[in-house]
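FYI, the numbering just counts along the sequence from 1. When reading the values below, keep in mind they use all heavy atoms of this one structure, side chains included, and skip hydrogens, waters and symmetry mates. Because the structure is predicted, anything quoted here is derived from the model rather than measured.
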Amino acid sequence: MSSANSDARADWNSRIGLRTGVSFAGNAPELDPPDGTVAVAGGSQVTLDWKPVDGAVGYQVHVAESANGPWSELDHAGRDVLAVPHPPYVDTTGTPGVERWYAVASLSDVHVEGPLSAPVSAVPLATAGSVTVSIDTGSDLGELDRPWRPMIGSEHLSHALSTDTTGGSVVGEELSAALRAAHEELGVTHVRAHAILCDDLGVYREVDGGPVHDFGGVDRVYDHVRALGLYPVVEISFMPHDLASDPSKTVFDYDAIVSPPKDWSRWHDLVRDLTAHLIERYGDEVVEHWSFEVWNEANLEVFWSGTPEEYLQMYDVTVAAVRSVDDRLVVGGPSSAAAGWVEELLAHAEEADVPVDFISTHTYGSPPLDFRPTLARYGHEGTPIWWTEWGVTPTHFNEVSDAVFAGTFLLRGMASAMGRIEALSYWVVSDHFEELGRPPALLHGGFGLRTVGELRKPRWWALAMLERLGSRRLAASSTGDGAGSLIEVIAATGEIGVTALLWNLTLDQTKAAGSDELARDVRVELTGLEPGATYQLVHERVDQHHSNVAAAWGRLREDGQDWPDAEQWAQLKAADRLDEIESPRAVMADAAGTVSVDLTLPMPAMSLLTLT
């Protein structure tokens, strides 16, 4: 990473703090702590479990060196919201042989934490046990939920039209290729991005004091997106220069203006005319498939220079403008950072009688919280929940983004989201991304699922493995050291046979480079098969040595080298595949109709087993 990018990252991290002293609030109650908290020791880990609490959006685990405290939040180095949506929780931050105490608090909102549960303790072990996973191939738990399909994140979409080059690659061509691949290979249907109202697209200017609207640039962008097979999530942002109350308030290297408008009626007219233009150009699909999200992360001062109350005014005026064109159009928010302002927006919407067609928010470093209880308290049961940004880290230029750890993290979050979240959108699809400057090197800790040069990172393979799971979910259970907390599984059946996706992950990012002590021997038992029948087993793997572009580049890279030469590019592209950890082999079900597969899962790692 260049020193310029290092300076930019340091400056960014000093500016993104959440607003304090917010003067508007919701009605989130303080909840009782969970009952039945238990701590079970395993090899270099402690698994915590507890009984869920009605009304909780999540839980905060606390740790202490004695039963009397002092207590602190258990920090797994996620750099954002540390709460989790449900148990179990695996703690790998302790030391084998050293007792630690745990207590859990219930959260009714991300900032409303109740009292701690009764403390429990455990001593992590020095040696690891094994795990047994049982999959009933004759079961049927219904259609497998796929929360990655509805949406993917992208750099501002005019970037997809750029003819500039980065690392010798044409920016627009490769960003477009990544978006097309997300649609064709991962099943993604929509893309969300910032800055459709920024001045590079020329949507608004004032001539002789009067407003002029020009949507030609927007047309070029959205025509391109539709040609890729995707629908846009129209994030209404940022502020055009001539409409801004303070054009000096900007964010990102492309100087997006983050101030409120100087004239709310002109803002209303701009949003109304844009919406009407989109319906005129694209027809009924705007009503049927598009959506409108109000701003981005206004609860961060870096993204909104106005007050919280002015954001609510922004929401009201924007919703009114969109709905004035067609009251069937889908519009929502608050598109907040760190799971904030959901409670506040719903309370405001109830008081002001404004619609909220979906709730959107963001978090990094943990599985997303569960806002269904919040929606229920405001009579919004069934309102879609969209995490329009989510990822392993909110920090630019963080090497964890290129690591296998990030791929297994993605699996954990998607598994957690199934059945409770309509859209969990990973941020972002490609390393062609310029918020804090364009990529300085091939692997620079970029947010993208794919590199410059269109190499697939472990996070891409995680989504590809999920997408290859069969359509009907199978019952799967596990026992042993870290079963269900460190080692997880999703199994399904479909046209290609039985598929089982297993992974080994702690949320503890201090171990993102891997931990030998957390590796587990796993036996997978597939029951309910035809006794004596022969099946073909394929075992594909992502770990430090397989399907890992960072390891491949590490073997080829010379000291100080930022970008591959032609020969290295050829070798990297040849290695850009999902590796089989062993040759496909025949396996026979025993007299009870069971096939057993033994494997070792490093931490981090993910394995896809296919039985045909």
Side-chain angles (χ1 to χ4, degrees), residues 1-2 5 9 148 152-156 159-160 162 164-186 188 191 193 228 391-393 395-410 426-465 512-513 542-558 560-579 604 606:
M1 186 198 322
S2 70
N5 281 94
R9 180 177 69 176
W148 60 91
I152 196 73
S154 173
E155 179 57 280
H156 62 129
H159 210 44
S162 173
D164 293 350
T165 60
T166 294
S169 299
V170 178
V171 170
E173 291 179 3
E174 290 200 344
L175 177 54
S176 299
L179 288 166
R180 183 183 294 108
H183 174 59
E184 295 177 353
E185 297 178 25
L186 306 180
V188 173
V191 58
L228 299 173
V392 68
T393 179
T395 308
H396 293 65
F397 311 114
N398 187 329
E399 64 183 6
V400 72
S401 291
D402 298 328
V404 174
F405 184 96
T408 47
F409 173 88
L410 191 152
Y426 206 91
W427 188 258
V428 289
V429 70
S430 172
D431 273 352
H432 284 292
F433 189 77
E434 59 175 5
E435 287 185 353
L436 299 189
R438 294 186 179 179
L442 175 62
L443 292 178
H444 59 281
F447 285 150
L449 298 171
R450 297 162 79 103
T451 72
V452 172
E454 276 292 270
L455 304 172
R456 289 164 284 195
K457 298 185 189 180
R459 283 174 290 132
W460 180 275
W461 291 125
L463 286 176
M465 286 177 156
V542 181
D543 61 22
Q544 180 61 28
H545 306 292
H546 300 89
S547 318
N548 181 6
V549 65
W553 177 226
R555 290 190 293 269
L556 296 172
R557 180 176 178 268
E558 302 291 339
Q561 185 179 6
D562 290 333
W563 297 101
D565 60 27
E567 182 179 350
Q568 289 167 330
W569 274 122
Q571 294 179 69
L572 287 169
K573 290 182 182 298
D576 183 28
R577 63 180 183 270
L578 185 56
D579 291 331
M606 43 188 154

Minimal non-hydrogen separation, L228 against R180, with atom names: CD2-NH2, 3.2 Å
Between H156 and E434, do the side chains contain an N or O donor and an N or O acceptor separated by less than 3.5 Å? yes
The side chain to side chain donor-acceptor pair (under 3.5 Å) partner of Q568 among R555, R557, Q561 is Q561
Side chain to side chain contact (heavy atoms under 4.5 Å, CB included) evaluation trace for H432 with T166: CA-CA 8 Å; H432 284 292; T166 294; 4.2 Å; yes
Looking only at non-hydrogen atoms, find the nearest pair between L449 and R459 and report the distance. CD2-CB, 3.5 Å
Measure the spacing between OG of S430 and NE2 of H159 and express it to the nearest 0.5 Å. 8.0 Å
Looking only at non-hydrogen atoms, find the nearest pair between S169 and E174 and report the distance. OG-OE2, 3.1 Å
If you compare all heavy atoms of P458 against all heavy atoms of S547, which two are closest, and at what distance to 0.1 Å? CG-O, 4.2 Å
Please check if the side chain of W461 supplies one atom and the backbone of L578 the other of a donor-acceptor pair under 3.5 Å. no
Does the D576 side chain pair with the main chain of L572, one donor and one acceptor, at a distance under 3.5 Å? no
Under 4.5 Å between any side-chain heavy atoms of T451 and W553, yes or no? no
Do N548 and V542 have side chains that approach each other closer than 4.5 Å (heavy atoms only, starting at C-beta)? no
Any side-chain heavy atom of H183 sitting closer than 4.5 Å to one from V191? no
Within the side chain of S401, is there an N or O that forms a donor-acceptor pair under 3.5 Å with the backbone of F447? no
Hey, are the side chains of M606 and D543 touching, using non-hydrogen atoms and a 4.5 Å cut-off? no
Decide, yes or no, whether a salt bridge links K457 with D402 under the criterion of side-chain N to carboxylate O below 4.0 Å. yes
Measure the shortest side-chain to side-chain distance between T165 and V171 over non-hydrogen atoms and say whether it is less than 4.5 angstrom. no
When every non-hydrogen atom of L442 is compared with those of W569, the smallest separation belongs to CD1-CH2, 3.8 Å
Do L175 and V429 have side chains that approach each other closer than 4.5 Å (heavy atoms only, starting at C-beta)? yes
Answer yes or no: is there a side-chain heavy-atom contact under 4.5 Å between I152 and V428? no
Any donor-acceptor pair under 3.5 Å from H444 side chain to F397 backbone: no
Would you say the side-chain atoms of Y426 pair up with the backbone N or O of V392, donor to acceptor, closer than 3.5 Å? yes
Side-chain donor-acceptor pair under 3.5 Å between E435 and H396, yes or no? yes
Under the rule for ring-ring contact (aromatic ring centres under 6.0 Å, His included), what residues qualify as partners of F405, not counting sequence neighbours? none
Atom pair CZ/CG of R450 and L179 - distance to nearest 0.5 Å: 10.0 Å
Work out which heavy atom in K573 is nearest to a heavy atom in G453; give both atom names and the distance. NZ-O, 2.6 Å
For W460 and L186, run side chain to side chain contact (heavy atoms under 4.5 Å, CB included): C-alpha distance rounded to whole Å, both residues' side-chain angles, the deciding distance at 0.1 Å, then the answer. CA-CA 9 Å; W460 180 275; L186 306 180; 3.5 Å; yes
